[in-house]
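Here's the structure, in structure tokens; my notes come after.
For ligands, and for the atoms within them, numbers begin at 1 and follow the listed sequence. Every value quoted in this text rests on a predicted model; they were computed, and no experiment measured them.
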Amino acid sequence: MNDRVVNFAAGPATLPLPVLEQVQRDLVSLPGVGASPLEVSHRGPWFEDVIGEAEANLRSLLAIPDSHHVVFCQGGATMQFSMVPMNFLRGDDRAAAYVVTGSWSAKAEKEAEKEGSTRVVWTGENDGFVRVPRDDELAPAMSDRPAYLHITSNETIHGVEFASTPAAPPDVPLISDSSSDFLSRPVDVAGHGLLYAGAQKNAGPAGVTIAIVRDDLLPRIPDGLPTVLDYRTYVQNGSMYNTPPVFAIYVLMLVTRWLKHEVGGLEKQLEHNHEKASLVYDAIDGSNGFYRGHADAGSRSLMNVTWRLPSEELERRFVQEAAAAGLVELKGHRSVGGIRASLYNAMPLAGAKALADFMWTFAAAERTPA
Ligand SMILES: Cc1ncc(COP(=O)(O)O)c(C=O)c1O
């Protein structure tokens, strides 16, 4: 597999090589089944085992308590932007509180406006989304007990991340879009009413979205929702009311198996993620201002590192020359420009090191007059 590039894409993103190799072995004919994972029934014993192991692995990796259900949806995190307020805001007199730390949380809030009243309790917009709020900045907004508090644990485009789960009062469910840092670190699942994540960054391929929902929230769901947009449908039918994304769940199961058995759990994964991100942030901080990191130090994402160069022309050359060196998908999101390196779990240390080395060399060459 020497022809694989070092892929810094934000999602769909690089997957662990042993997982891809397993998929390759299984793709035409699963041992004992004689058919491809693309061809088998979701009602058969093979898939029952797969979805069972996927859930069991998630439960053990994240220490998910029995109070929380794990369900597998489709429609991406974007569908969750609608499902969350349909299930937990529609018909409620209270407003839902949204923390806006970047583009994704802004989108989530806009969708909620269609279902009820919302309140942006903190926004980083005026500063260009360079940080997340401190707990003491959120606390006052909790006094009138919103229907829920929605956060985005990691903003994939701006590269700002909550280093730990913000505190919410016990009677205000915390709801987190954790799409881009899911499984990158241990998380206090018990402290969440609902946590959801599209799989295509850390957990698998596009096509499946994980939702972890606390049981005592289910009675709040209003009757009359479309069946597939009601969390109870997924809970009551083991995520198999209709055909689930079989192949995506199978790959997700392999990724969770890899995390458990090869990486050794989320504490270990977090150590690797710190190590990789430090290499890139050190190259930014050591460049005497040639690279300008976007996020404030305390809010820096371990998953998506974002920065600028002195000019757009230099940014173009950086992306081009990096690609020529096999380091691809480094262009920042079109809405903010600059450079973005996504360093998800499956990015090997050697990949982050290759990028950091390239950054040091590029900066030195640009700063030395020819
Ligand atoms: C934090 C976050 N939320 C939501 C989304 C939207 O996800 P999807 O495309 O799966 O709907 C993304 C996609 O990149 C994301 O990074």
Side-chain angles (χ1 to χ4, degrees), residues 7-15 71-86 98-112 114 123-125 129-133 148-163 165-166 174-185 187 192 194-212 228-229 234 239 244-245 247-249 251-252 255 273 294-295 299-306 329-336 338 340-347:
N7 178 5
F8 295 95
T14 195
L15 283 164
V71 299
F72 301 103
C73 305
Q74 303 188 51
T78 303
M79 194 170 90
Q80 298 296 309
F81 293 170
S82 302
M83 261 178 93
V84 165
M86 285 172 112
Y98 276 76
V99 177
V100 177
T101 45
S103 309
W104 292 113
S105 33
K107 281 196 168 157
E109 191 277 330
K110 279 275 164 291
E111 286 302 316
K114 298 175 184 170
T123 175
E125 189 174 8
F129 299 121
V130 294
R131 71 176 181 96
V132 298
Y148 57 79
L149 171 65
H150 184 282
I151 63 161
T152 305
S153 56
N154 180 64
E155 280 284 354
T156 323
I157 291 176
H158 294 88
V160 296
E161 183 176 17
F162 285 89
T165 304
L174 176 68
I175 299 186
S176 178
D177 173 1
S178 297
S179 294
S180 49
D181 62 359
F182 187 61
L183 297 178
S184 71
R185 56 170 76 222
V187 170
H192 290 73
L194 169 65
L195 186 151
Y196 62 88
Q200 68 271 21
K201 288 110 177 20
N202 265 336
V208 60
T209 306
I210 304 97
I212 304 174
V228 295
L229 299 177
Y234 294 84
S239 303
F247 187 75
I249 293 173
V251 181
L252 177 139
V255 170
N273 290 337
H294 175 77
S299 297
R300 283 175 159 181
S301 170
L302 296 185
M303 296 285 97
N304 312 98
V305 184
T306 49
E329 299 278 2
L330 285 163
K331 197 165 177 301
H333 190 271
R334 60 191 180 281
S335 62
V336 296
R340 170 175 57 175
S342 297
L343 304 172
Y344 298 122
N345 290 350
M347 171 60 61

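Checked against the 6.0 Å centroid threshold, Tyr98 and Tyr148 count as a close aromatic pair.
A side chain to side chain donor-acceptor pair (under 3.5 Å) with Thr101 is found for exactly one of Glu155, Glu161, His158, namely Glu155.
Taking the six-membered ring where tryptophan is involved, the planes of His150 and Phe81 are perpendicular, since the angle between them exceeds 60° and thus also 30°.
At a cut-off of 3.5 Å, with distance as the only test, a side-chain donor of Asn273 or Asn345 sits close to an acceptor on the other residue.
With hydrogens and angles ignored, the 3.5 Å screen pairs no side-chain donor or acceptor of Ser176 with any backbone N or O of Leu195.
For ligand 1, the protein residues placed under 4.0 Å by at least one non-hydrogen atom are Gly76, Ala77, Thr78, Phe81, Trp104, Thr152, Asn154, Thr156, Asp177, Ser179, Ser180, Gln200, Lys201.
Residues satisfying the side-chain contact (heavy atoms from CB on, under 4.5 Å) criterion with Ala77, sequence neighbours excluded, are Asp177, Ser179, Tyr196.
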